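Have a look at the structure below, then the notes.
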Amino acid sequence: MFIINCPYCGERDQTEFSCGGEAHIERPKQPTELSDDQWAEYLFMRKNIKGVQFERWNHIHGCRKWFNVVRDTSNDKIHAVYKMGERPPVK
Amino acid sequence: MSNNLRINKNNFIDQTVRISFKFNGKKLFGYKGDTLASALLANNIHLVGRSFKYHRPRGIMTCGSEEPNAIVQVGKDPALTDPNVRATEIELYEGLEAFSQNCWPSVNFDIGGINNFLSPLLPAGFYYKTFMWPASFWEKYEFFIRHSAGLGKSPTEPDQDLYDHQFVHCDVLVIGGGISGILSAKLSAEKGLNTMLIDDKSYLGGSTIYQDDDIFKINNETSNVWLKNQIEKLKKIPNLKIKNRTSVAAFHGYNYLLARENLTDHLSINERKEKIRQRLLKIRAKKVVIATGAIERPLIFSNNDRPGIILSSSIKKYIDYYGVKTGENISLFTNNDSAYETAISLNKSGVKVKIIIDIRENPSSILSEKIEKTGIKILRGHTITNTDGYKRIKSIDVMKLSKDGENVVGNKTTYKCDCLGISGGWTPMVHLFTQSGGKLKFRNNDNVFIPDENKTPSEQISVGSSNGDFELDDVIINTVKNIKIFLGLDKNDYENLDIKCSKEKQKRNIWLLPSNKPISKSKPFLDFQNDSTAKDVKLALREGFKSIEHVKRYTTTGMGTDQGKLSNMHALGIIADTTGTNMGELGTTTFRPPYTPLTFGAIVGRNVGEFFDHTRRTAIHDWHVENKAEFENVGQWKRPWYFPKNGETMYQAVQRESKAARESAGILDASTLGKIDIQGEDASEFLNRVYTNAWSKLAIGKCRYGLMLNEDGMVYDDGVTTRLGENHYIMTTTTGGAANVLSKLEDYLQTEWPELNVYLTTVTDQYSTMSICGPNSKKIIKKIIPSLDLSDESFPHMSFKNSKIDNVNCRIMRISFTGEHSYEINVQSNYAKDVWEKCIEAGKEFNITPYGTETMHLLRAEKGFIITGQDTDGTLTPSDLQMDWIIGKKKYDFIGKRSLYRSDTIREDRKQLVGLLTDDPKEVLEEGAQLVESLEKPIDMLGHVTSSYFSPNLNKSIALAVVRSGKKLKGKKLIVPMENKNINVTITDTVFYDKENKRLNA
Ligand SMILES: [Zn+2]
């Protein structure tokens, strides 16, 4: 059980947060222009890698803010935390 | 007691306090400080249980948590009895009552013991293989095996004990109170760090605290005296907390650990009253020191499991700490020096050690020299080939080992003994280290897996014998050196201690000792608890199992409640030897939490009964209770289900309520529906994007039903949203979906559409909602608020007005979930009960009938209105629900729109919502029942019933169902096959009642 440094509240226990999956998958601005395959790519395909992964997290039992986390899924080490809309740190 | 097995010299047992206890019904005595195991041994009781598979007699084998045999049931009380407790860990208390497990009818005469003679029939994988026999054959064995298998008996009544949880934060957590843990904790605490020291025993000092011999000296004091002084000083440090009787169960990432603190298990029953039994500590430590020590290994030879065969270091602890002789005529069998320490202790206490059998050719050390001076015979380069004695060891057969250790040579000599100490070396306790993500490395010279310092997670360190240091000087020097670096300490007093100890000179290890008999005729036990032998491991290898994880499961080695603490290393060693692999390459099995078993009580703590989950009650709840409502759990909410009158059944009550609501007036507490207040200049645009229909043109004061989809196009939630002002809406959601809908909307606002100026606030608890429906609802509202214009022109269906009931502000919506003319009154929750009572009072002359969720469901089903989550399950699109009318075709986008014309969502043979009528109008279908076209096999399942009721207003059975290609099948006859009959049904429209919606304006 890891500790997440919420960019709005500070360090809190993982139990206060919920994970929203892979980050930086933007909802297409013009979905109607997309083919079935392109839409399916957005809708269903997620990497779920072993290693350093960019993720969305929500401080659901705290400030309720969404933000991004760079986490190594193999050992839960968190390399960076940054707000929505901010540029991701380079790997 | 025939023999006096208790000696009088030691400091650890208070022989002035006699404690009586019962074992298998027999009354016995021990002393304060005893464990159940030490007290039994003092009473000359070795035989305490039967083994799992062969039901062989088994005795106490260790003195700690690794005990595989002495596992007992504590207490008789059906609520408090505790199964599978290790006798070696039970502190004796007045009134303790313990029983042997896994034996029937008694430990001395055990029917399952016949398995021992059947053992050629019970090889590795027996149970797996057995299940493949013909079923008829299996049944004959089932009774016998079921009766024999399993360990203790679980309590049959709810646990009455109290359990607690506690969060602990510290700078440094030290696990283990042996000498390395004591030094670590002292160095940490003296540096001013907030330190916690945890040990599973009732005392501190590990095995050093009873190591009383001149060979082991620190600064000219014997090691036990020196350590005792250190502990006295340690206890005075204010920023150090010591937790005894506390066992770390799990070590997770980020230095999060779970530990179980035993608070009352050592007290007499009377002293326990109203005290917390166990506390689960949830620890976050900045740094962790693992000082969990090592446990001694057995040796693997034929019949090495007889009662009276005990680990050598345990014999030493029983004599030195508890003052208990484990026998009168003890022999020792070893591959290392620790048996010599035991011999010295026994010799000092006047216990006869006849011989020490050492597999090493030349084990000369300070210890062995001291032994030789006492006249104890040492047989070097020898091994035990067999033992004899059924309920207690009687004799051992000894032979000389060949040079390569693969065979025995020469003649067999038999020696009599009543106790045999065995020592196969030491295994560092690395369980917690590996749980935390650390990786092990193999040290060839003494065959141990130890923490790899290069693969240790940060902010933790292993010290002492859990790090592979076994000699006193190595333990102290390395602990002090490594802790200094780990905690960034300055120079300290422990760096220049004068340490004297013996050093082991020769090592020899043979995982499976040879015998003069073929292995097929011998019983060298590996896992004592699960009864697997070296033969089983070899058989598994012959049958093609290669991975240690597979061999473990196939032979069940290491799968008992002790998780193979004693057996794993030998299993690995035998696999490595047999397959010619290096043990380091083989790796170990995975160590999983908990390290020692945890009670369910400790895991759940106070979260039992009414505290298991939150209970949400509406502001009107007390009225429902007073009026004898039956309640239904909807999420965390308690909702009135129905209001039975004069002993009505649920069916009768619901029929009455449903009729009353349509014939005159009904009232429902709808406060649990989720309510989200939406404000901001982009509120209309926001609703346009989250609902399937158009919202921009909704006039202020109007209400609209909306359907919300997931991005995959499937129906997610629904409800009515009202425009309160230019930039102000109130959205209602389903009761169960309220929290998730709010989260989902927040997600879109924060991450996808941050440009929208919209604020969401949950007001579910702040507003209470009561819905009054039926042809007389208008008259009732008129009575309560005479000034309100209720004409259809001024207040039409799907509109809203602000008003006052007396002086209470309220929002009144004319919306309907029943198809009747109806009003929803929303008031601030603290006025809700008062307003509700006013409605009831005003409605009396119209027989206003309070109804619950069941009647609500029935009434809406008559109208074919869906309940998301009942008629939908996340796989249905609006079109599947025959709700195409709610899709804003002209809208450019909304959540889920693009998915509505994916190749899969436009399939015509999707499951679609339909109505069902039974041919027999009295026959009510079961929700969940399957629908088929024909009974010819193989039967094709076409769909299932989602909602079903007997409609009192139509006087017939009605149902909703999802059916493959259902939209096209109107009028089609289908069959609902049930256990004892087949019910004929016809597919219909989903709306059963008032298809023209005339009643909305009635
Ligand atoms: Zn936060």
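Within every chain, numbering begins at 1; the chains are lettered A, B, ... in the order of the sequence lines, protein sequences first and strands thereafter. Since we're looking at a predicted model, the values are computed, not measured.
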side-chain contact (heavy atoms from CB on, under 4.5 Å) between B:Asp893 and A:Gln30, intermediate numbers included: CA-CA 8 Å; B:Asp893 192 13; A:Gln30 294 167 319; over 6 Å; no

Intermediate values then yes/no, side-chain contact (heavy atoms from CB on, under 4.5 Å), A:Lys77 and B:Ser458: CA-CA 11 Å; A:Lys77 202 169 171 211; B:Ser458 59; 5.9 Å; no

Candidate pair B:Arg284 and A:Met1, rule side-chain contact (heavy atoms from CB on, under 4.5 Å), full reasoning: CA-CA 10 Å; B:Arg284 283 273 186 203; A:Met1 244 207 304; 4.1 Å; yes

CA sep, side-chain torsions, deciding dist, call: A:Asp36, B:Arg898, salt bridge (charged side-chain N to carboxylate O under 4.0 Å, His left out): CA-CA 9 Å; A:Asp36 268 13; B:Arg898 176 60 187 84; 2.8 Å; yes

Verdict with reasoning, A:Thr32 to B:Tyr901, per side-chain contact (heavy atoms from CB on, under 4.5 Å): CA-CA 10 Å; A:Thr32 47; B:Tyr901 53 94; 3.4 Å; yes

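Ranked by heavy-atom pairs under 4.5 Å with chain A, the list B:Trp753, B:Tyr892, B:Tyr256 is led by B:Tyr892. Most heavy-atom pairs under 4.5 Å with chain A, from the set B:Glu746, B:Glu752, B:Lys897, B:His252: that is B:Glu752.
At a 4.5 Å heavy-atom cutoff, B:Asn255 makes no contact with chain A through either its backbone or its side chain. A:Glu33 touches chain B through its side chain: at least one heavy atom from C-beta onward sits under 4.5 Å away, while N, CA, C and O do not. Using a 4.5 Å cut-off between heavy atoms, A:Ser18 does not touch chain B at all. In this structure, chain A has no heavy atom under 4.5 Å from any part of B:Phe167. Heavy-atom distances place the side chain of A:Trp39, and not its backbone, under 4.5 Å from chain B. For A:Arg56, the part lying under 4.5 angstrom from a heavy atom of chain B is the side chain only. Interface residue A:Ile3: backbone and side-chain heavy atoms are both found under 4.5 Å from chain B.
Checking side-chain atoms of B:Tyr254 against main-chain N and O of A:Asp76 turns up a donor-acceptor pair under 3.5 Å.
Remark: B:Lys889 NZ is packed, more than 12 non-hydrogen atoms of other residues, nucleotides or ligands lying under 6.0 Å away. At most 12 non-hydrogen atoms from other residues, nucleotides or ligands lie less than 6.0 angstrom from NE2 of B:His614.
Inter-residue side-chain proximity for A:Phe44 and B:Glu711 is flagged as unmet; no heavy-atom pair is nearer than 4.5 Å. At least one side-chain heavy atom of B:Ser899 sits less than 4.5 Å from a side-chain heavy atom of A:Leu43.
A:Arg27 and B:Thr751 are not linked by any side-chain donor-acceptor pair at a separation below 3.5 angstrom, with hydrogens and angles left out of the test.
Taking OG from B:Ser743 and CG from A:Asn58, the interatomic distance works out to 6.5 Å, rounded to the nearest 0.5 Å.
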